[in-house]
Number of protein chains: 2
Amino acid sequence: MIRIVIAEDQGMLRGALGSLLDFEDDLEVIAQAKNGEEAIRFIQTLKPDICLMDIEMPLMSGLEVAEELKKQGVNCKIIILTTFARPGYFERAVKADVHGYMLKDGSSDELAESIRSVMKGKREFAPELIFGSMKDENPLTKRECDVLRMVADGKTAKEISAILFLSAGTVRNYMSEIISKLQVKNRIEAISIAEEKGWI
Amino acid sequence: MIRIVIAEDQGMLRGALGSLLDFEDDLEVIAQAKNGEEAIRFIQTLKPDICLMDIEMPLMSGLEVAEELKKQGVNCKIIILTTFARPGYFERAVKADVHGYMLKDGSSDELAESIRSVMKGKREFAPELIFGSMKDENPLTKRECDVLRMVADGKTAKEISAILFLSAGTVRNYMSEIISKLQVKNRIEAISIAEEKGWI
DNA sequence: TAAAAAAAATGACAAATGTCATCCGAAATA
DNA sequence: TATTTCGGATGACATTTGTCATTTTTTTTA
């Protein structure tokens, strides 16, 4: 019996998947977490074989959970199940040694098959992740990402310079460099692209 | 037998809900649409009793579909099923005479009960929609929304002035008014709040 | 290990945004 | 119907953002 924890903040999908996967003879959903912290707690205490992990969840993202569990050497195979085919998310997931990265546009039957596959030692990555724009490398440095994230939060260059102990000119220069690297014409487009790619 | 069309771009939820609702003795899922245009087409040809309608879908949003079907006098009860408790979405849905507005954090059992309720002539609105910030009235005029939407798309004041046949000063003044009404300190926060509220 | 490249950092200047005072026409109110 | 208020619109001025040239430090490469 493959023991599964589901980590998904959206109750309807969580419940529906829980029911459908439980119908399978060889699968057992032993817990359902609605945020990242519950996910960590259930995985630590119940020690499931598999965790189906959403990414964008309250309290702690699925990627943060995966990174934390890898750091703790927890022996649970994580399959990311997300809406977003974002290179930044994918790269981070791969670095966290997840066993799968599935998109939510497949069926629950396909998901069940992927779970069985992963239990047999395979890695299940949705085919469309391997090609095209999913391989986009993040062109921004860590500092640039830090700055863009704060701009995306609505902070002014003045505020950001105070937080990072930089001059306002430096912060403006970072923004200018970001705009140039992403080949956009202003900060709003820069934020949009970086979020779509999962780089911030 | 209550005949249901499901309109949901996310395949896994669409399939899972389709299966679970079909298990109910008195419910029959007769079609599943993955975008707004399919939804319109299926509703027009199959004439279901109920349509479960997501909002954010490709080609045509669920709200646009509902508005179009109201305009055509189509006799199908629409139940909005969305992730977002946004006053702008809610107001628009109510104006389109939908029969329900449910959030995706409930269970499929609760959803089935709501469908039965709606068939008996009731309106099903998630309780949390009636209170608090869901009643926030959009403080922006139509013109201000037009301008903010284009700013959110990354357009400059210069571009917007060309598109709307206004002077750049006028566009800047609209932005300034928007920033003041929403009580934020810049356009990025203005975009954020307006999107969260479903006003743009 | 040394040289080259990249990242981090800065401030002057140009360009864009945001504020403010103002005017006109439409809509709302008395 | 007249008056008041609001929305739409404009441009001058103040403030902020974005560009550019530059320097220093760190990282990468030969």
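All values derive from a computational prediction rather than experimental measurement. Order of the sequence lines sets the chain letters (A, B, ...), proteins ahead of strands, with each chain counted from 1.
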Interatomic distance where [atom1] belongs to [X] and [atom2] belongs to [N] [whole Å]:
X         : N       : atom1 : atom2 : answer
Leu148(B) : dG18(C) : CG    : P     : 11 Å
Met175(B) : dT16(D) : CE    : C1'   : 14 Å
Asp146(B) : dA9(D)  : CG    : C1'   : 15 Å

Ring-face cation contact, Tyr89(B) with Arg92(B), 6.0 Å cut, 45° max: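 Here Arg92(B) fails the 6.0 Å and 45° test against Tyr89(B).
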Sugar-phosphate or base contact per nucleotide [nucleotides 5-17 of chain C; S, B, -; heavy atom under 4.0 Å]: --SSBBBB----B
Enclosure of Lys181(A) NZ (heavy-atom neighbours >12, cutoff 6.0 Å):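 Check passes, neighbour count above 12.
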Flag if over 12 foreign heavy atoms under 6.0 Å of NZ, Lys95(B):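 For Lys95(B), atom NZ is not crowded (no more than 12 foreign heavy atoms under 6.0 Å).
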Heavy-atom donor-acceptor pair, Arg14(A) side chain to Glu8(A) backbone, under 3.5 Å: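 Yes.
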Flag side-chain contact, heavy atom, 4.5 Å: Ile30(B) against Ile4(B):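 No - every pair of side-chain heavy atoms lies 4.5 Å or more apart.
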